[in-house]
Structure formats: structure tokens, C-alpha cells
Participant: 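Here's a structure for you.
As a basis for the values below, the full set of heavy atoms in this structure was taken, side chains included, without hydrogen atoms, waters or symmetry mates.
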Amino acid sequence: MAFENPPRERIKELLAGAGNVAVVGLSDKPDRVSYMVAEAMQKKGYRIIPVNPTVSGSILGETCYASLTDIPEPVDIVNVFRRSEQVVPVAEEAVWIGAKVFWLQQGIFNEEAADIARAGGLEVIMDRCIKVEDSILLPGGK
């Protein structure tokens, strides 16, 4: 059966209820899409947790972690900025940490990763920009 994202109303509920959003592949370079999206989400009231093994220190004023399993607090949404062929291990980590949502950014799609996340109890959204969805579904803020 072909993958389908949850209905928009459900995506709205997931965003409205989200606290911590781990951003896998978040760049520390302000001209990168991952940085711009995460910064916009942070300004809307989301707590962004950067995940990037090549960055030490912080991004957007938040401690950056090498992997999801290094994050010492609960994560609601795992938002992924990695190539489609690189997301299976991220799905496995998302399940391991007990995240609620596995979200692959626009242009990222991987059925195997989606199956792993769903089998682990996560809701899955693929090939959608979290910032765009938030702007459409929650235009006034969370």
C-alpha cells in the first residue's frame, strides 16, 4: 500500500501539541534551508534541539547533539534534513528515544524508514516542510 501522510487536521494537532523538535541535520550556517526553517520554528515558539555530529557547541542558542540518543530529554517531533538514502538509521534512533513523530522534510521520502517509525509507534510525515505546514495550519502561532 502506498504511503500517505496524515490528514491536515491531524498534522495541525501534532504541531499544536509539540514541545521539543529535534532537527537532524541542522546546519550552523544561517544561509542553509535547515537553519532558516529551524529559526522560523523557534521564533514561532517551538523548542528546537539541534542534531548534527559535525557541529560542537550550539546552534540557535541550543546545545547541539551528535545523535538523537544523546538528547537528555523527551522529543516530540524528529524533523529530518538528510538525504532520503540516509534516513533509516535516523528512524531507528527516533523509535529508540520514544519520539512521537518522524517528519521528513520536503523532497525526502523513504518507505523503509517510514515502516520502521510506524512499527515503533511514531506518526510519519514525509516530503513536507514543517515550516510551511505550520504557517498554513497555525498561522497565528502555537
Participant: Count the heavy atoms of every other residue, nucleotide or ligand shown that sit under 6.0 Å from CZ of Arg8, and state whether that count exceeds 12.
Facilitator: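 Yes, because the 6.0 Å sphere around CZ of Arg8 holds more than 12 heavy atoms from other groups.
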Participant: Specify the closest pair of heavy atoms between Pro30 and Met36, including all atoms of both residues, with the distance to one decimal.
Facilitator: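 Closest pair (atom of Pro30, atom of Met36, distance): O-CG, 3.5 Å.
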Participant: Hey, what do you get for CD1 (Ile48) to NZ (Lys43), rounding to the nearest 0.5 Å?
Facilitator: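 Output value for this atom pair is 12.0 Å.
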Participant: Taking salt bridge (charged side-chain N to carboxylate O under 4.0 Å, His left out) as the test, write out the residues that go with Glu73, two or more places apart.
Facilitator: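 Salt bridge (charged side-chain N to carboxylate O under 4.0 Å, His left out) check on Glu73 returns Arg47.
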Participant: Quick one: closest heavy-atom pair of Leu138 and Tyr46, and the distance?
Facilitator: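 Residues Leu138 and Tyr46, closest heavy atoms: CD1-OH, 3.7 Å.
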Participant: Using side chain to side chain contact (heavy atoms under 4.5 Å, CB included) as the criterion, list what pairs up with Ser84, not counting sequence neighbours.
Facilitator: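 For Ser84 the side chain to side chain contact (heavy atoms under 4.5 Å, CB included) partners, ignoring immediate neighbours, are Ile108.
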Participant: Would you say Asn20's side chain and Pro74's backbone share a donor-acceptor pair under 3.5 angstrom?
Facilitator: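 Confirmed, Asn20 side chain pairs with Pro74 backbone.
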Participant: Do you know which two heavy atoms are closest between Val80 and Val87, and how far apart they sit?
Facilitator: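 Looks like CG1-CG1, 3.8 Å.
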Participant: Only counting residues at least two apart or in another chain, list the ones meeting side chain to side chain donor-acceptor pair (under 3.5 Å) with Gln86.
Facilitator: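 Here the qualifying residues are Arg82.
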Participant: Specify the closest pair of heavy atoms between Ile77 and Val75, including all atoms of both residues, with the distance to one decimal.
Facilitator: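 What the structure gives for the nearest pair is O-CG1, 3.4 Å.
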Participant: Distance-only, no hydrogens or angles: does the Asp127 side chain make a donor-acceptor pair with backbone N or O of Gly107 under 3.5 Å?
Facilitator: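 Yes.
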Participant: Quick check: do Val101 and Asp76 have side-chain heavy atoms less than 4.5 Å from each other?
Facilitator: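 Not touching, per the 4.5 Å side-chain cut-off.
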Participant: Can you see which heavy atom on Ala99 is nearest to which on Leu122, and at what distance?
Facilitator: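 Here Ala99 and Leu122 meet closest at O-CG, 3.2 Å.
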Participant: Apply side chain to side chain donor-acceptor pair (under 3.5 Å) to Thr54 and list each qualifying residue two or more places apart in sequence or on a separate chain.
Facilitator: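 If we apply the side chain to side chain donor-acceptor pair (under 3.5 Å) test to Thr54, skipping adjacent residues, the hits are Asn52.
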Participant: To the closest 0.5 Å, what do you measure between CD1 (Ile125) and CD1 (Ile11)?
Facilitator: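 Going from the CD1 atom of Ile125 to the CD1 atom of Ile11 covers 4.5 Å.
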Participant: Tell me, please, which residues at least two apart from Glu13 pass side chain to side chain donor-acceptor pair (under 3.5 Å).
Facilitator: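 Glu13 satisfies side chain to side chain donor-acceptor pair (under 3.5 Å) with Arg10 once adjacent residues are dropped.
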Participant: Ile97 and Thr69: which non-hydrogen atoms are nearest, and at how many Å?
Facilitator: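 That closest heavy-atom pairing would be CG2-CA, 3.9 Å.
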Participant: Output all residues satisfying side chain to side chain contact (heavy atoms under 4.5 Å, CB included) with Val124, sequence neighbours left out; order by chain, then residue number.
Facilitator: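 Once residues adjacent in sequence are excluded, the partners of Val124 under the side chain to side chain contact (heavy atoms under 4.5 Å, CB included) criterion are Phe3, Phe102, Ala114, Ala117, Arg118, Met126.
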Participant: Find the distance between CD1 (Ile130) and OG (Ser135) and round it off to the nearest 0.5 Å.
Facilitator: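 If we round to the nearest 0.5 Å, Ile130:CD1 and Ser135:OG are 10.5 Å apart.
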Participant: With sequence neighbours excluded, what pairs up with Asp28 under the salt bridge (charged side-chain N to carboxylate O under 4.0 Å, His left out) test?
Facilitator: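 If we apply the salt bridge (charged side-chain N to carboxylate O under 4.0 Å, His left out) test to Asp28, skipping adjacent residues, there are no hits.
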Participant: Between Ser34 (side chain) and Ser27 (backbone), is there a donor-acceptor pair under 3.5 Å?
Facilitator: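 Present.
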Participant: Under the side chain to side chain contact (heavy atoms under 4.5 Å, CB included) test against Phe81, which residue among Val51, Val24, Val37, Leu26 passes?
Facilitator: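 Only one of Val51, Val24, Val37, Leu26 forms a side chain to side chain contact (heavy atoms under 4.5 Å, CB included) with Phe81, namely Val37.
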Participant: Which residues pass the side chain to side chain contact (heavy atoms under 4.5 Å, CB included) test with Val88, not counting sequence neighbours?
Facilitator: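 With sequence neighbours excluded, Val88 shows a side chain to side chain contact (heavy atoms under 4.5 Å, CB included) to Glu92, Asn110, Glu112, Ala113, Ile116, given in chain and number order.
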Participant: Taking atom CD1 of Ile59 and atom CD1 of Ile49, what is their separation to the nearest 0.5 Å?
Facilitator: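 Result: 12.5 Å between the selected atoms.
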Participant: Checking Lys131 now: which residues fulfil side chain to side chain donor-acceptor pair (under 3.5 Å) with it, not counting sequence neighbours?
Facilitator: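 With neighbours one apart ignored, the set is empty.
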Participant: Please list, chain by chain and in numerical order, all residues satisfying side chain to side chain contact (heavy atoms under 4.5 Å, CB included) with Asp70, sequence neighbours excluded.
Facilitator: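 Only Tyr65, Ala66, Ser67 meet the side chain to side chain contact (heavy atoms under 4.5 Å, CB included) criterion with Asp70.
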Participant: Taking salt bridge (charged side-chain N to carboxylate O under 4.0 Å, His left out) as the test, write out the residues that go with Arg128, two or more places apart.
Facilitator: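 Counting only residues at least two positions away or on another chain, Arg128 forms a salt bridge (charged side-chain N to carboxylate O under 4.0 Å, His left out) with Glu133.
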Participant: Return the set of residues passing salt bridge (charged side-chain N to carboxylate O under 4.0 Å, His left out) with Glu85 (not counting sequence neighbours), or none when no residue passes.
Facilitator: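 Expected list: Arg83.
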